[in-house]
Number of protein chains: 4
Amino acid sequence: MKPEPHRRATWRDEKAEERRQQLIDTALQVFARKGFDKTSVRELAAAAGVAQGLMYHYFKSKDKLLEAVVERHSFMPQLKTLLSTLHDEPAPKVLKVVGKQFFELLGQKESLMNIFFHETQSHPIVPRIWRGIMNEGISLFQNYLDERVKLGELRPHNTDVSARTLAYTIVLLRGTATAFPHRTRADEFISHLVDNTLSGIAAPAG
Amino acid sequence: MKPEPHRRATWRDEKAEERRQQLIDTALQVFARKGFDKTSVRELAAAAGVAQGLMYHYFKSKDKLLEAVVERHSFMPQLKTLLSTLHDEPAPKVLKVVGKQFFELLGQKESLMNIFFHETQSHPIVPRIWRGIMNEGISLFQNYLDERVKLGELRPHNTDVSARTLAYTIVLLRGTATAFPHRTRADEFISHLVDNTLSGIAAPAG
Amino acid sequence: MKPEPHRRATWRDEKAEERRQQLIDTALQVFARKGFDKTSVRELAAAAGVAQGLMYHYFKSKDKLLEAVVERHSFMPQLKTLLSTLHDEPAPKVLKVVGKQFFELLGQKESLMNIFFHETQSHPIVPRIWRGIMNEGISLFQNYLDERVKLGELRPHNTDVSARTLAYTIVLLRGTATAFPHRTRADEFISHLVDNTLSGIAAPAG
Amino acid sequence: MKPEPHRRATWRDEKAEERRQQLIDTALQVFARKGFDKTSVRELAAAAGVAQGLMYHYFKSKDKLLEAVVERHSFMPQLKTLLSTLHDEPAPKVLKVVGKQFFELLGQKESLMNIFFHETQSHPIVPRIWRGIMNEGISLFQNYLDERVKLGELRPHNTDVSARTLAYTIVLLRGTATAFPHRTRADEFISHLVDNTLSGIAAPAG
DNA sequence: TATGAATGAGTATTCATTCAT
DNA sequence: GATGAATGAATACTCATTCAT
């Protein structure tokens, strides 16, 4: 019986893929903590417990590594899953839930968010991915709102604006929450946010 | 006959102050365009038309220069002026105006905003100043909203949330507007934003 | 039934020898084109279509590979063959032919010549081989000239000098011919060279 | 009396020019000894007794330094001076003298010759300068020979070939002399070379 | 035999900072 | 005040070589 060279190659390939993943994950953490520019390849290698030369076996350059990081950890799938739960549910009931889940998702992806916020200028792919996520997310969310308008649950209005209002506010809430938490806790904040958005803050007319 | 040392000193002081200001202004532009880390002192000096060594006559280090930049260009005064016009004006009338003015102010301070967004990790003073501006601004804005609630113009609600909703949305709108403009134009967006915020987006109860 | 180990070994040896030869041939081309130092082992392996590690099965080091290249492609045999045709032929008749053949031989070995010219400092074996070829060639050539002197066909003179004059001129002609061809074509040049050498360029004494 | 800023600047400029020259001279020696590729900038700086960073104050890159070296040490002027002594002198009398002087000039420029021979591939300016020197030199030499033909001192022949024969032979003689000196000493060699060239090596007819 | 993952020393270059003039 | 020569540490990246499979 001949040896199976294919099997062996596959095993090596798997190991290599694991290693690649490990390097990406380590880089995500270190980039988020220290920033892309202030992180040296030597540091990355040390953090991953490998020789610096190995970085270049897996990634052509430090820039390409950053690309790999943002591509691999882009939370598009989770965002889609999250937003797919919207459909056929009444707005007042789900907006708070989805808002809080979105906030939580951003929290889980804190490292990535750090990169999105700070490394925009380092490499063009970073804002491109971020823009992709936001646009897609806003778009899906807007579709839901449009449906609800059609159903007469929401009044006719510019849903791009309301979608962005909710999304932007939560994104920046998340951004500032870590750095300098404020009085109102996030959950409570989002509850109020949705209430305000639905009912308005103006006093009921006369 | 010797010249009076005092006169000369004053004249020289003025020149020095001008020069200092010039270096700060140049640095603001270059930092905003290229990022703090990717800008060398040599580049800054060249952009200002002086020798590199001169930078260190005016600023102890590159970091201190960054501090000087964010301190000097902090738009706190303008923000306070802007918000001081709020008082004793009815909300529906002024929110749009103030919102648009705020958006425009952020636009004028685009270079500084770039630094706030991207150089948070470079030096602790950057997020500190940014946080100061935001907190102060939000606080003043919230005070105004509280007044309007007292006057019965707005319904009782968490004004911290509504203040932040408006502020955060406009900030991120500004941030994304330059990089990737979206369908709705800013002015229109802010109009809708204020309308939504005041009246809510829920359909009027039957 | 097991295969005879001897047969297998022989077959494998042949394959191995082929592979070795292939690696040497590839290396010759790449070294000549890019230079020894500027060629990485990775590049060599890629050019030969094998993994880098395999290079070290066949050659102990990059230096040893260079040795193998210059040893294998040393054109000593061809040179000897070429010069062996000299004997018993009259000088005026054969010098031009041999000169042109020598020029052509150098042309065929252009890659090797490139290595001889540029990589002298890389590894001591390179100038050693080159010196060997030249000295042996000059020596054989000189022997021929000495014979012709004895036969009275050439006048008594320092044949080391005349041998080197012809050889050096053709070598450098070849070296410069590729890089920057000059007015006189090589064939013609060599004809004139031999004519001059035999008859001298001085005007016949009155 | 005002201080003379110009004088001071000039003094600094002089110092800078001296330093520049020193770095070039040091580089010439080290490049010649170790080869361009095998010499690190750190080594160059150490050999010159300065910090490595200073190299980049004076030369934009290692390549530019090599350019500066070959440009500054190109022996074109000396070669022209040497060849200008030819005119109006009879060939038999001066060819040996000029030949030996040329050999000696090459010897004085041994370091530069090493670079010309070995670093052709490193940077395009190296062969360009070498070609310039050779072409100009050959051309001037050929002009002289043409004159002598016109005067009836030399017989009509292809002077490009005879000029190159003498030049090439001496160049390679010089190149091999250092590496592996041979039996005939250079002076003697050149005497024989000129004798052969003038009188030919064929036995006198009849 | 053949692979390619892994190593670690080495390289050119950049840069903030100092200082004599 | 102003210059730019000089420093030396840091950085991204390359490469010959080794070795487990």
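What you see is a predicted model; the values in this text were computed from it and never measured. So you know, we letter chains A, B, ... as the sequences are listed, proteins then strands, and number each from 1.
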>> Quiz question: going by heavy-atom distance under 3.5 Å, is there a donor-acceptor pair between the base of dA2(E) and the side chain of His57(C)?
In response: yes
>> Using heavy-atom distances to pick each residue's nearest nucleotide on DNA chain E, tell me which of Ala51(A) and Lys60(B) is more 5'.
In response: Ala51(A)
> Mapping Gln52(D) and Phe36(B) to their closest nucleotides on DNA chain E, which lands nearer the 5' end?
Replying inline: Gln52(D)
> Reckon Phe59(A) touches a base, only the sugar-phosphate, or nothing at all at heavy-atom distances under 4.0 Å?
Replying inline: nothing
> Taking the side chain of Val41(C) as heavy atoms from C-beta outward, which of dT17(F), dT17(E), dT3(E) is closest to it?
Replying inline: dT17(F)
> Stem ranges for DNA chain E, with three or more consecutive Watson-Crick or G-U pairs under 3.5 Å?
Replying inline: E:2-21 with F:2-21
Quickly work out the [X] [atom1] to [N] [atom2] distance and round it to whole Å.
X: Lys38(C); N: dA12(E); atom1: NZ; atom2: C1'; result: 12 Å
X: Glu43(C); N: dG4(E); atom1: CD; atom2: C1'; result: 17 Å
X: Leu44(C); N: dA2(E); atom1: CG; atom2: C1'; result: 17 Å
X: Gln22(D); N: dA5(F); atom1: CD; atom2: C1'; result: 13 Å
X: Lys64(C); N: dA16(F); atom1: NZ; atom2: P; result: 17 Å
X: Arg19(D); N: dA20(E); atom1: CZ; atom2: P; result: 15 Å
X: Gln21(C); N: dT1(E); atom1: CD; atom2: P; result: 17 Å
X: Glu18(C); N: dA2(E); atom1: CD; atom2: P; result: 11 Å

Within less than 4.0 Å of OP1 or OP2 of [N], is there a side-chain N or O belonging to [X]?
X: Arg20(A); N: dA5(E); value: no
X: Arg42(A); N: dA10(F); value: no
X: Tyr58(A); N: dA6(E); value: yes
X: Tyr56(D); N: dT7(F); value: no

> Between Ala16(B) and Asp37(C), which has a closest nucleotide on DNA chain F that is more 5'?
Replying inline: Ala16(B)
> For DNA chain F, whose closest nucleotide is more 5', that of Met55(B) or that of Leu54(A)?
Replying inline: Met55(B)
> Any idea how Phe117(A) and Phe117(B) line up, ring-wise: parallel (<30°), tilted (30 to 60°), or perpendicular (>60°)?
Replying inline: parallel
Quick one: closest heavy-atom pair of [X] and [Y], and the distance?
X: Thr39(B); Y: Glu43(B); result: CA-OE1, 3.6 Å
X: Gln29(C); Y: Ser111(C); result: OE1-OG, 3.3 Å
X: Ala47(A); Y: Val30(A); result: CB-CG2, 4.0 Å

>> Run the ring-ring contact (aromatic ring centres under 6.0 Å, His included) test against Tyr58(B) and tell me which residues pass, sequence neighbours left out.
In response: none
>> For the CZ atom on Arg42(D), are there more than 12 heavy atoms of other groups (residues, nucleotides or ligands in this structure) within a distance under 6.0 Å?
In response: no
> In terms of side-chain geometry, is the basic nitrogen of Glu119(C) or Lys62(C) positioned less than 4.0 Å from the acidic oxygen of its partner?
Replying inline: no
> Is Thr26(A) reaching over with its side chain to a backbone N or O of Gln22(A), donor-acceptor style, under 3.5 angstrom?
Replying inline: yes
